[in-house]
Amino acid sequence: MTDNTKAHIVVIGNEKGGTGKSTLAMHLAIKLMYENFNIAVIDLDGRQCSLSKYIENRRRFCNNHQISLPIPLHYIFEPRDDQSNIKELDSLINDLAAKFDAIIIDTPGSKNYLFEQAHKYPHTLVTPIGDSLVDLSSIADIDPDSGEIIRPGPYAEFVWDTKKYLAAHGLPYLNWVVCGNKISPIRSNNKIAVFAKLENLAKLYGFRFCQGLKDRVIYKELFLDGLTVLDLSHEKLHRRMNLSHLAAKMELNSLAEFIFAKPC
């Protein structure tokens, strides 16, 4: 894929499930749409369909309540045994890239050929990660006794191969962002240690790290209605925003600004 396209392509990826990729993809898409950008999203996890269900819930909520909320153009892909839809995905992205301001691609939580193909497109790669050593293992293997970094984790190695692929095809340097997601609001030694290691790994592996989003009940509550924290202030929703909602909105805005800031 050449880089003479209009759209900024964002891939949400991590070789681990349960890190909140779909929730993050949805919130980033709606954030950009509220800023009047034209957005398309692609769900490559056609079996679990978390992002697709989120969007379906949003459409149903809008229809049932006769309310107009931004909804991105949406496509879904499911793995095939013969991998015959790779060309279809490639053609779709090239077509969308000429018409949209940004394309957000949500990947599966484990590696398959669609996961691998998605990583050939991004200008920005966003990797959400929890504040646990289990989640950290996808980025680096850590010695349990010394706490020293032994080797890159499987996903970090895969991203290194991705960077080499993009460079070999004359594409821009990948803006890789690792962000905390579903982070415990409780200050703990474990969280401090994980974040300290990620700060060090950022220098070694070439990503930018930010603490990202805390684990808040509001994200779980909003899914069934297809809403995001950015929708809560809509006058027709008649929902009172509490301090937690305001904090979530501020965190999301800060994260989006960090993701789309130009790397130094």
Side-chain angles (χ1 to χ4, degrees), residues 8 10-14 18-39 41 50-51 54-55 57-58 61-62 67-72 101-102 104 106 123-132 135 175-188 190-196 198-199 202 207-264:
H8 187 95
V10 180
V11 169
I12 314 294
N14 190 347
T19 57
K21 293 189 296 293
S22 299
T23 299
L24 181 57
M26 183 68 166
H27 276 74
L28 285 178
I30 301 306
K31 161 74 175 172
L32 292 173
M33 293 192 76
Y34 272 123
E35 295 181 358
N36 296 318
F37 291 104
N38 198 13
I39 307 300
V41 300
S50 296
L51 179 59
Y54 208 145
I55 293 174
N57 292 344
R58 188 175 183 85
F61 180 88
C62 289
I67 185 173
S68 178
L69 295 172
I71 301 176
D101 297 309
I104 296 177
D106 187 27
H123 301 102
T124 296
L125 172 64
V126 181
T127 301
I129 187 169
D131 55 350
S132 75
D135 283 13
N175 173 30
W176 184 19
V177 175
V178 175
C179 63
N181 200 28
K182 297 185 176 182
I183 299 301
S184 170
I186 300 172
R187 181 179 175 85
S188 67
N190 176 76
K191 182 167 69 173
I192 292 171
V194 169
F195 283 175
L198 284 168
E199 293 283 3
F207 59 80
R208 296 186 296 128
F209 171 69
C210 67
Q211 295 195 14
L213 307 179
K214 291 185 174 65
D215 188 15
R216 298 182 186 275
V217 176
I218 186 63
Y219 294 116
K220 302 176 180 68
E221 293 175 343
L222 292 174
F223 174 80
L224 289 179
D225 287 334
L227 299 176
T228 71
V229 296
L230 301 171
D231 301 311
L232 294 179
S233 57
H234 195 290
E235 59 183 3
K236 290 189 177 181
L237 286 181
H238 305 295
R239 297 197 181 190
R240 179 174 296 178
M241 294 186 70
N242 60 34
L243 291 178
S244 178
H245 300 161
L246 292 171
K249 187 174 181 179
M250 290 175 63
E251 286 174 357
L252 179 62
N253 287 333
S254 296
L255 176 58
E257 289 177 7
F258 184 90
I259 287 172
F260 294 110
K262 291 184 178 180
C264 297

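All values reported here derive from a predicted model rather than from experimental measurement. Only this structure's heavy atoms are used, side chains among them; waters, hydrogens and symmetry mates stay out.
Ile104 places none of its side-chain heavy atoms less than 4.5 Å from the side chain of Val11. Counting only heavy atoms from C-beta outward, the side chains of Ile129 and Thr19 never approach each other to under 4.5 Å. Between Ser132 and Lys191, the closest side-chain pair of non-hydrogen atoms is not below 4.5 Å. Considering only heavy atoms from C-beta on, Phe207 stays 4.5 Å or farther from Leu125 through its side chain. Taking the side chain as every heavy atom from C-beta outward, Val126 and Val178 never approach each other to under 4.5 Å. For the pair Leu255 and Cys179, the minimum side-chain heavy-atom distance is below 4.5 Å. With a 4.5 Å cut-off on side-chain heavy atoms, Leu230 and Lys249 count as touching.
For Arg187 (side chain) and Ile192 (main-chain N/O), no donor-acceptor pair under 3.5 Å exists by modelled atom type. The main-chain N or O of Ser244 is found under 3.5 Å from a side-chain atom of Asn242 such that the two form a donor-acceptor pair. At distances below 3.5 Å, not a single donor-acceptor pair connects side-chain atoms of Asn14 with backbone N or O atoms of Thr127. No side-chain donor-acceptor contact under 3.5 Å links Thr124 to the backbone of Val10. Using a distance-only test at 3.5 Å, with no hydrogens or angles considered, no donor-acceptor pair links the side chain of Asn57 to the main chain of Asp225. A donor-acceptor contact shorter than 3.5 Å links the side chain of Asp131 to the backbone of Ser184. Remark: side-chain polar atoms of Arg216 are not paired, donor with acceptor, to backbone N or O of Lys182 under 3.5 angstrom. With hydrogens and angles disregarded, a donor-acceptor distance shorter than 3.5 Å links the side chain of Tyr54 to the backbone of Leu227.
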With side chain to side chain donor-acceptor pair (under 3.5 Å) as the criterion, how do Ser22 and Asp106 come out once you've worked through the C-alpha distance, each side chain's angles and the decisive distance to 0.1 Å?
CA-CA 6 Å; Ser22 299; Asp106 187 27; 2.6 Å; yes
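Atom CG of Leu24 sits about 9.0 Å away from atom OH of Tyr219, to the nearest 0.5 Å. Note: His245 NE2 to Ile218 CD1 = 3.5 Å, rounded to the nearest 0.5 Å. Separation of atoms CD1 (Ile259) and CH2 (Trp176) is listed at 14.0 Å; rounding is to 0.5 Å.
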Counting only pairs under 3.5 Å, give me each side-chain donor-acceptor contact of residues 25-35, with atom names and distances, residues two or more places apart or in other chains.
| unit_1 | atom_1 | unit_2 | atom_2 | d |
| --- | --- | --- | --- | --- |
| His27 | ND1 | Thr23 | O | 3.0 |
| His27 | NE2 | Val229 | N | 3.3 |
| Lys31 | NZ | Glu35 | OE2 | 2.8 |
| Lys31 | NZ | Asn253 | OD1 | 2.8 |
| Tyr34 | OH | Asp231 | OD1 | 2.6 |

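Nearest heavy-atom pair, Pro128 versus Ile12, reported as atom, atom and distance to 0.1 Å: CD-CG2, 4.0 Å. Across every non-hydrogen atom of Phe258 and Cys210, the tightest pair is CD2-SG, 3.6 Å. Across Pro72 and Ile55, no two heavy atoms sit closer than the pair CG-CD1, 4.3 Å.
Annotation for Phe37: atom CZ does not count as buried by contact number, only 12 or fewer foreign heavy atoms lying within 6.0 Å.
Every residue meeting the side-chain contact (heavy atoms from CB on, under 4.5 Å) condition with Ile67, not counting sequence neighbours, appears here in chain and number order: Phe61, Cys62, His65, Leu69, His234, Lys236, Leu237.
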